[in-house]
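For the numbers below, each heavy atom of this structure counts, side chains included, while hydrogens, waters and symmetry mates do not. Labels below follow one simple rule: chain letters A, B, ... track the order of the sequence lines, proteins then strands, and each chain is numbered from 1.
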Amino acid sequence: MKIYKRENDLVLDIPIEQINIIDTLDCGQCFRFTKTSNNTMTGIAHGRVLSLTQTKNEIVFHDTSQDDFNDIWVNYLDLHTDYNPLKTLLSSDDTLKKALEYAGGIRIVRQDSFEALLSFIISQNNNIPRIKNSINKLCKKFGKNIIDDVYAFPSVDDLHNLSKEDFSDIGLGYRDDYIIDCVNKIKNGELNLENIKNMDIEDARITLRTIKGIGPKVAECALLFGFYRIEAFPIDTWIKKALKYYYPNGFPVQFQDYAGIAQQYIFHYIRTCKDAVPEELKSGKSKNK
DNA sequence: CCCCAGGGTAGGG
DNA sequence: CCCTACCATGGG
């Protein structure tokens with residue numbers, strides 16, 4: 001992994017098999033990036049704009065300083081982790097082998113805890129385009145302006161002391177109450193996200209689920225995507241279908257310490273690869289049984 | 001009109 | 001423990 005300067009950009013020498021930025025930033029784990037050309041992703045994270053252009057052997061970080069790269073983006077994109085041993089282990093399973101051939105360049109992005117927590121509260125019984133839309137409106141209305149029409153994800157303080165009416169034009173539906181409850185619990189000290197980072201995962205699950213609207217699935221997503229607990233295993237409607245079709249006898253126990261990463265490969269595979277599962281299963285009623 | 005989406009809750013068996 | 005109705009909203 002070599003990094004060098006090219007005018008205002010930083011160029012990272014890294015093969016696309018090691019990290020595919022489009023698959024990574026557009027696989028339903030984070031919601032603030034969009035594809036701005038056929039090989040460019042642009043979005044906002046940690047209060048900054050990030051625009052990445054990828055070719056076979058390099059990623060261009062547009063208008064990025066060496067300090068921001070070192071202090072923010074290496075960690076955000078999980079670049080210090082070697083995924084090869086894990087991918088070799090997961091390849092012993094036929095389904096994961098196919099999922100890795102389809103999109104093995106996915107990494108688990110290290111998102112801000114509060115942003116991930118709120119994002120996955122919004123995600124419940126919702127679809128990804130609508131989640132992205134609501135989050136963008138939330139940022140535009142309550143987040144701090146970064147530049148032009150770009151806004152940071154709102155902080156706890158940005159969102160506290162708001163009423164349901166304040167959220168009425170965000171399109172959250174009934175989920176506004178959940179956000180209000182979450183922000184209140186953080187503000188009054190009932191919930192401390194920094195403490196959750198150091199908790200045993202079972203305690204973290206129980207603590208997160210004290211927030212209204214957070215059940216098993218959202219708690220697992222928050223832990224996986226907001227706290228980098230890669231053993232967390234969110235089961236949504238897609239993973240339910242995958243478990244039923246591929247793993248009727250249960251998910252392989254030898255993967256349990258990294259089940260969250262495996263889950264993400266499968267999620268992306270089954271959701272976007274049209275011949276991953278039979279059509280009748282994809283369009284079938286997922287709520288039955 | 002229907003069903004579905006990175007579900008959870010309350011309430012009743 | 002299980003099951004079910006219901007919860008807003010927009011896309012297909």
Side-chain angles (χ1 to χ4, degrees), chain A residues 23-34 99 103 106-109 111 113 115-138 141 163-182 185 205-247 251 259-274 276-289:
Chain A
D23 290 341
T24 296
L25 298 171
D26 193 24
C27 68
Q29 60 170 323
C30 57
F31 302 99
R32 298 214 69 201
F33 280 82
T34 50
I106 292 175
R107 283 170 184 249
I108 301 298
V109 162
Q111 301 182 57
S113 301
E115 174 171 344
L117 184 56
L118 254 62
S119 296
F120 283 94
I121 287 175
I122 293 170
S123 79
Q124 75 121 317
N125 200 25
N126 209 341
N127 60 58
I128 291 176
R130 278 200 73 239
I131 297 164
K132 283 188 165 184
N133 200 267
S134 287
I135 290 175
N136 275 335
K137 287 182 186 168
L138 189 75
K141 184 160 182 181
S163 63
K164 283 169 77 79
E165 294 76 62
D166 294 314
F167 293 103
S168 59
D169 52 349
I170 308 289
L172 297 174
Y174 55 87
R175 304 172 192 84
D176 50 5
D177 283 330
Y178 304 159
I179 289 181
I180 290 170
D181 185 59
C182 177
K185 282 191 163 69
R205 287 182 171 114
I206 291 165
T207 305
L208 287 170
R209 288 179 61 174
T210 61
I211 301 165
K212 199 183 298 177
I214 296 193
K217 194 272 177 182
V218 173
E220 293 303 288
C221 281
L223 287 168
L224 175 58
F225 301 122
F227 296 88
Y228 202 73
R229 298 292 180 95
I230 58 175
E231 71 270 44
F233 190 78
I235 301 176
D236 76 314
T237 55
W238 293 100
I239 295 297
K240 241 174 237 170
K241 292 173 195 171
L243 289 175
K244 198 162 152 190
Y245 184 67
Y246 291 116
Y247 305 101
F251 196 67
I261 301 181
Q263 173 273 157
Q264 193 59 25
Y265 291 132
I266 294 171
F267 174 81
H268 183 66
Y269 176 56
I270 190 174
R271 199 175 78 88
T272 62
C273 179
K274 45 187 180 305
V277 294
E279 203 53 41
E280 62 265 23
L281 181 59
K282 284 183 94 166
S283 56
K285 293 184 172 107
S286 57
K287 304 214 169 174
N288 284 356
K289 262 178 75 174

Next item on the list: Would you mind classifying the nucleic acid contact of A:F167 as base, sugar-phosphate or nothing, using non-hydrogen atoms under 4.0 angstrom?
Entry: nothing
Note to self: Mind checking if A:Y178 touches a base, just sugar-phosphate, or nothing, with heavy atoms under 4.0 Å?
What the structure shows: nothing
Item checked: Aro-ring/base stack A:W238-B:dG6, d under 5.5 Å, angle under 30° -> no
Margin query: Could you tell me the Watson-Crick or G-U partner of C:dC6, where both distances fall under 3.5 Å? Say none if there is no partner.
Written below: B:dG8
Note to self: If I compare all heavy atoms of A:L223 with all of A:A232, which pair ends up nearest, and what's the gap?
What the structure shows: CB-CB, 4.0 Å
Next item on the list: Determine the Euclidean distance between corresponding P atoms of C:dC7 and B:dC2; express it in Å to zero decimal places.
Entry: 15 Å
Margin query: Check this for me, if you would: do A:E220 and A:R229 make a salt bridge, where the nitrogen-to-carboxylate-oxygen distance has to be below 4.0 angstrom?
Written below: no
Item checked: B:dC4 and C:dT4, which share atom name P, separated by this distance in whole Å -> 16 Å
Check: Taking atom C1' of B:dC4 as reference, at what distance in whole Å does atom CG of A:D236 sit?
Finding: 13 Å
Next item on the list: Ignoring hydrogens and angles, tell me if any N or O in the side chain of A:K132 forms a donor-acceptor pair with the backbone of A:F33 under 3.5 Å.
Entry: yes
Margin query: Rounded to whole Å, please give me the gap between NZ in A:K217 and P in B:dT9.
Written below: 14 Å
Note to self: Say we look at B:dC1 and C:dC6: how far apart would their P atoms be, to the nearest angstrom?
What the structure shows: 16 Å
Notebook entry, point to check: How close or far is atom C1' of B:dC4 from atom CD1 of A:I131, stated in whole angstroms?
Noted result: 13 Å
Next item on the list: Assess whether one donor atom and one acceptor atom, taken from the side chain of A:E220 and the base of B:dG7, lie less than 3.5 Å apart.
Entry: no
Heteroatom pairs (N/O) under 3.5 angstrom, protein to nucleotides 8-12 of chain C:
unit_1	atom_1	unit_2	atom_2	d
C:dA8	O4'	A:Y174	N	3.3
C:dA8	N6	A:N125	ND2	3.0
C:dT9	O2	A:R130	NH1	2.8
C:dG10	O4'	A:R130	NE	3.1

Note to self: Is it the case that the side chains of A:S163 and A:D166 hold a donor-acceptor pair, with the cut-off being a distance below 3.5 Å and no angle test?
What the structure shows: yes
Check: Relative to the 5' end of DNA chain B, which residue comes earlier, A:C221 or A:K212, by the nucleotide with the nearest heavy atom?
Finding: A:C221
Next item on the list: Describe the nucleic acid contact of A:C27 in one word from base, sugar-phosphate, nothing, applying a heavy-atom distance below 4.0 Å.
Entry: base
Check: Separation of A:I121 atom CD1 from B:dT9 atom P, in whole Å?
Finding: 11 Å
Check: Can you check the A:R271 CZ to B:dA5 P distance for me, whole Å?
Finding: 10 Å
Note to self: What contact category does A:I235 fall into here, base, sugar-phosphate, or nothing, at under 4.0 angstrom with non-hydrogen atoms?
What the structure shows: nothing
Next item on the list: For A:Q263 and B:dG6, give me the distance from atom CD to atom C1', rounded to whole Å.
Entry: 8 Å
Note to self: Ring-plane angle category for A:F251 and A:F233, please: parallel below 30°, perpendicular beyond 60°, tilted otherwise.
What the structure shows: tilted
Note to self: Applying a 4.0 Å non-hydrogen cut-off, can you work out what A:G213 is touching in the nucleic acid: base, sugar-phosphate, or nothing?
What the structure shows: sugar-phosphate
Notebook entry, point to check: Roughly, in whole Å, what's the span from CD1 in A:I211 to C1' in B:dT9?
Noted result: 15 Å
Next item on the list: Could you tell me whether a side-chain N or O of A:Q29 sits under 3.5 Å from a main-chain N or O of A:V109, the two making a donor and an acceptor?
Entry: yes
Item checked: Separation of B:dG6 P from A:L117 CG (nearest whole Å) -> 19 Å
Margin query: Looking at B:dA5, I'd like to know if its phosphate oxygens (OP1 or OP2) sit under 4.0 Å from a side-chain N or O belonging to A:K241.
Written below: yes
Note to self: Using the rule side chain to side chain contact (heavy atoms under 4.5 Å, CB included), only one of A:D26, A:I106, A:T24 pairs with A:H268; which is it?
What the structure shows: A:I106
Checklist line | Pairwise C1' distance, C:dA8 and B:dC3 [rounded to whole Å] | finding: 16 Å
Notebook entry, point to check: Taking only residues at least two apart or on different chains, which pairs with a member in residues 167-176 of chain A satisfy side-chain hydrogen bond (donor to acceptor under 3.5 Å, both in side chains)?
Noted result: A:Q124-A:Y174, A:K141-A:D169, A:K164-A:D176
